[in-house]
Amino acid sequence: MKIKKALLLSLRIGLGSAAAVFLAEFLQLESPTAAGTITLLTLLTTRRQTIQLIIHRFLTFFGTIGLCVVILPLTSSQLVSFAVVLFFIVAMCELCQVQNTLSVNALIATHLSITHGFNARMIINEFWLLCIGVFIAYVLNMFQDYKGMEKDLNDKVLHTETVFSHLLLEVVRYMEEMPEHTEIWSAMGEMEAELFGYVNDALHFQENRLPVRDCWHAHYFAMREQQLTVVHALHYQLRQIRSMPEQSVIIREFIQELATAVPGRTVPQEQTKMLEEIFRHMSRQPLPRTRQEFESRAILYHVLYDLKSYLKYKQDFVSALSDEQLREFAAVKAV
């Protein structure tokens with residue numbers, strides 16, 4: 001998907017920039033390549049960001065022209081005048097929090113500073129270059145591989161669930177065998193990095209939908225980030241136990257059940273009931289006889305509360321979904 005995404009972006013930028021330059025040359029505008037540059041800089045955004053950026057480009061364009069009108073006639077030096085204009089353009093963009101318009105405004109200021117004796121015709125020329133650049137970018141940014149992006153996110157959902165099942169089974173294996181060395185730490189680190197990228201991909205997908213709709217994928221990956229933190233914490237706590245007490249067996253079996261239930265598409269009611277029963281079972285156990293047993297069982301209680309948080313994150317995520325989002329989420333299944 002990364003290769004496909006890069007190729008599509010390259011194709012849009014290449015075709016868009018070429019079309020903008022061609023149109024500018026056809027209209028016999030000066031510096032026609034500037035239109036292609038504006039298209040390139042505007043295409044590097046999502047659909048929603050493109051519209052916002054276009055509005056900001058036009059607003060700051062008039063600010064840049066105003067600065068040039070006031071400052072450029074004050075000195076005959078192109079270098080000095082350009083430096084002073086650029087200083088105020090940067091200040092304007094920073095104060096208005098529209099830093100993404102800086103490059104195009106600097107390009108316009110460069111054209112006007114070079115000629116120095118600019119007039120209304122030159123200002124109109126720069127305005128038309130801006131219009132052509134942003135128009136071509138707007139049109140091309142309407143063409144997105146929406147289905148491809150959605151499928152890619154669904155594949156990442158399935159991959160995440162596979163990894164989570166593996167992580168939970170690794171916790172179970174540790175509780176059974178208590179090996180000195182385990183690869184679960186590196187696996188959790190890789191999953192954490194992947195989830196960070198998945199959230200960004202989901203937000204990018206959401207921003208490309210017009211009208212913009214809330215994307216359940218972003219909330220899903222955020223929920224898995226929270227659950228990963230829980231898995232990390234409970235595994236760390238389990239490693240503090242020197243010898244697993246007999247009460248750990250029922251918890252181990254429950255974590256194995258959670259590993260099987262990772263791909264579930266509904267509120268984990270069954271697992272929540274099982275966890276409540278485990279709490280009741282633990283409360284009926286006889287008091288620990290030794291300090292080591294006391295410490296081990298105290299850690300197990302912490303693990304149970306971690307598992308409660310693990311289920312709560314999934315419950316909150318599913319409960320917040322709309323009916324349409326629930327249908328979409330339920331439709332994500334391994335082929």
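Since this is a predicted model, take the numbers as computed values, not measurements. We count residues from 1, following the sequence as given.
A salt bridge links Glu161 with Arg265; the closest basic N to acidic carboxylate O contact falls under 4.0 Å. Taking a cutoff of 4.0 Å between a charged side-chain nitrogen and a carboxylate oxygen, Arg121 and Glu30 qualify as a salt bridge. A salt bridge links Lys151 and Asp155; the closest N-O separation between the charged side-chain nitrogens and carboxylate oxygens is under 4.0 Å.
Members clustered with Leu11: Leu15, by chain and number, using a 4.5 Å side-chain heavy-atom cutoff among hydrophobic residues.
Side-chain contact between Gln292 and Ser243: present, with at least one pair of heavy atoms (C-beta onward) separated by less than 4.5 Å. Using a 4.5 Å heavy-atom cutoff, the side chains of Thr39 and Arg12 are not in contact. No side-chain heavy atom of Tyr310 sits less than 4.5 Å from a side-chain heavy atom of Lys314. In this structure, Gln271 and Leu275 have side chains that are not in contact, with every pair of non-hydrogen atoms separated by 4.5 Å or more.
Using cut-offs of 30° and 60° for the angle between ring planes, the Phe279 and Tyr301 rings count as tilted. Note: Phe221 and Tyr198 have tilted aromatic rings, judged against thresholds of 30 and 60 degrees for the angle between ring planes. Trp216 and Phe317 have tilted rings, their planes meeting at an angle from 30° to 60° on a 0 to 90° scale.
In this structure Glu176 satisfies the salt bridge (Lys or Arg N to Asp or Glu O under 4.0 Å) test together with Arg252, sequence neighbours excluded. The ring-ring contact (aromatic ring centres under 6.0 Å, His included) check on Phe61 picks up Phe127, with sequence neighbours excluded. Shown here are the side-chain hydrogen bond (donor to acceptor under 3.5 Å, both in side chains) partners of Arg289, two or more places apart in sequence or in another chain: there are none. For the side-chain hydrogen bond (donor to acceptor under 3.5 Å, both in side chains) test, residues two or more places apart in sequence or in another chain that qualify with Thr101 are Asn105. Residues forming a salt bridge (Lys or Arg N to Asp or Glu O under 4.0 Å) with Glu324 (at least two apart in sequence, or on another chain): Arg213.
The 12-atom threshold is exceeded at CD of Glu177, counting heavy atoms of other residues, nucleotides or ligands nearer than 6.0 Å.
Under the 3.5 Å distance criterion, with hydrogens and angles disregarded, no donor-acceptor pair is assigned to the side chains of Asn125 and His111.
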* **Test salt bridge (Lys or Arg N to Asp or Glu O under 4.0 Å) applied to Glu295 and Arg291, step by step** => CA-CA 6 Å; Glu295 291 175 348; Arg291 179 183 180 87; 3.2 Å; yes
